[in-house]
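Chain letters run A, B, ... following the sequence lines, proteins first, then strands; residues in each count from 1.
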Protein chains: 2
Amino acid sequence: MRISALAAEAGLPIATVKFYLREGLLHPGVATSATQATYDDSHLRRLRVIRALTGPVGLSVQQTRMILGLIDDPGDDLYATLGRAVGALPPTVDTRAASDDDPDPFPRARAALEALGQVYDPSFAAVAQLEAALEAVDAAGMPISDDRLLEYGRHLREMAVYDLERMPPEPNAAVEYTVLGTALYEPVLLALRRLAHQDVASRRDLGA
Amino acid sequence: MRISALAAEAGLPIATVKFYLREGLLHPGVATSATQATYDDSHLRRLRVIRALTGPVGLSVQQTRMILGLIDDPGDDLYATLGRAVGALPPTVDTRAASDDDPDPFPRARAALEALGQVYDPSFAAVAQLEAALEAVDAAGMPISDDRLLEYGRHLREMAVYDLERMPPEPNAAVEYTVLGTALYEPVLLALRRLAHQDVASRRDLGA
DNA sequence: CATGATTGGATAGTGATACTCTCTAATATT
DNA sequence: AATATTAGAGAGTATCACTATCCAATCATG
């Protein structure tokens, strides 16, 4: 398969495929001469993952490169790899507070996790993300009550249990499942939540 | 309160406040002369909402303007207003298919909603978002099984019921609660989900 | 009331990002 | 032999969210 066929299959301009090659998101094809290389299904699959991550998931090229790098070359510690992957996911939060000698850099997130009975690890990017998100809803005048936090946390935890029970056994497949699942399923989740709100609202005759 | 005090309170450069004024995100202050205007708490609160929406929620200025417009000037139909608000939320999806005479523009989303027993309204933006998200996960080689969809949908629906049971009675407050709640709580939700995955993973000794 | 700071309003500039285009020499295809 | 395609490199483009600059009009202060 030459680059024109690959681009056509993926529904992308050749220039874009070349761009991904240049950026290191797509592994090079097998060179058959100075001006020719052949590509296979692995390239097509990779392009589809790239488009999913840069599209619906909303990652930048840099973030996508990081995620793909983790899948291609995972450490032997799934927990740490997952942590690194989450750190690459938006919304990106500057973790300036953690580097300072602040004894309690993420008070809201800590309180929330304690209330939920979950581990609190300040080095985990999602903790900083949670802190920023909670600060933002407070500042915007729509604070989240403890009760709501518990309710949300309970459901999300059950969903996490469901997900991890279905994790493939082989380590490499597990990393890909976990990292890609975290990122790719988020847009689905958000869409389903919005639709659930719509559905519930419609059944309550809230119009007019 | 003059613009310098407003900017200082909000922790923003004056230039940025002026930018929001120019863009119509922030309502003008009361002009007291040709070169002076006073601002009050409503401006400060608005700035905080703007920062929450453009920051953690990740909205563009244009999308933020749309959301704020809906809050300031809601229609009398909460259901339709919510629909319009969701349409402004990322990921933005081109609804080209719907405008064609395609008899079934969102097959995956329709199937999912039918399986969940929820209303299917192709004019609702979240339906297009769900379709795009499902297409992306399929293309990326990580399709979502019906079982998983049901599991996710069930939890999200319960969370939606929880949310709507706590909706304020007055229509204007209800719109603000619903629209801002949908948008502002999403980053919290995603962070909690990521942390739930981490927590569950850590308890299963998945490392090494 | 003189003098420096601040403001509204308009215009322009900036830096990041994700492509997209152009070009060249080498090779493939017909 | 004529035409098309390719790799690879560099430059160009469009969008976006600010950010900076300017000016004339006012304010605040001593």
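Atom CG in A/Leu189 sits 5.0 Å away from atom CG in B/Leu156 (nearest 0.5 Å). Between atom CZ of residue B/Arg166 and atom CZ of residue A/Arg148 there is a gap of 7.0 Å, rounded to the nearest 0.5 Å. Taken to the nearest 0.5 Å, the OH atom of B/Tyr20 stands 12.5 Å off from the CZ atom of B/Arg46. Here the straight-line distance linking atom NE2 of B/His155 with atom CG of A/Leu192 works out to 12.5 Å at 0.5 Å rounding.
For the OP1/OP2 pair of D/dA7 and a distance below 4.0 Å, the side-chain nitrogens and oxygens of A/Tyr39 include at least one atom meeting the criterion. For the pair B/Tyr20 and D/dA17, the criterion of a side-chain N or O lying under 4.0 Å from OP1 or OP2 is not met.
The CG atom of A/Leu25 sits 14 Å away from the P atom of C/dT17 (whole-angstrom rounding). As rounded to whole Å, 14 Å separates atom P of C/dG8 from atom NE2 of B/His27. Nucleotide D/dA17 holds its C1' atom 13 Å from the CG atom of B/Leu12, rounded to whole Å. We find that CG of A/Leu47 is positioned 14 Å from C1' of C/dC19, with the value rounded to whole Å. The CZ atom of B/Phe19 sits 14 Å away from the P atom of D/dA20 (whole-angstrom rounding). When rounded to the nearest whole Å, the span between CD1 of A/Ile14 and P of D/dT5 equals 8 Å. Atoms CG (A/Leu21) and P (C/dA18) sit 17 Å apart, rounded to a whole Å.
Both A/Arg22 and B/Thr16 lie near DNA chain D, and the one whose nearest nucleotide falls closer to the 5' end is A/Arg22.
Within the nucleic acid shown, B/Ala31 has no heavy atom closer than 4.0 Å to any nucleic acid atom.
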Protein proximity profile, nucleotides 21-29 of chain D - base contact B, sugar-phosphate-only contact S, no contact -, cut-off 4.0 Å on heavy atoms: ----BSSS-
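With 3.5 Å as the limit, one finds a donor-acceptor pair spanning the side chains of B/Gln198 and A/Tyr79. For the 3.5 Å distance criterion, the side chains of B/Asp147 and B/Ser145 fail to qualify, holding no donor opposite an acceptor. Between the side chains of B/Asn172 and B/Tyr177, no donor N or O sits under 3.5 Å from an acceptor N or O.
Using a 4.0 Å cutoff on non-hydrogen atoms, no part of residues 50-71 of chain B comes near DNA chain C.
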Below 3.5 Å, can you tabulate the donor-acceptor pairs from side chains in residues 63-71 of chain B to any protein atom, sequence neighbours excluded?
unit_1: B/Gln63; atom_1: OE1; unit_2: B/Ser60; atom_2: N; d: 2.8
unit_1: B/Gln63; atom_1: OE1; unit_2: B/Ser60; atom_2: OG; d: 3.4
unit_1: B/Gln63; atom_1: NE2; unit_2: B/Thr92; atom_2: OG1; d: 3.1
unit_1: B/Thr64; atom_1: OG1; unit_2: B/Ser60; atom_2: O; d: 2.8
unit_1: B/Arg65; atom_1: NH1; unit_2: B/Glu23; atom_2: O; d: 2.5
unit_1: B/Arg65; atom_1: NH1; unit_2: B/Glu23; atom_2: OE1; d: 3.2

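Using a 4.0 Å cut-off between charged nitrogen and carboxylate oxygen, B/Glu186 and A/Arg194 count as a salt-bridge pair.
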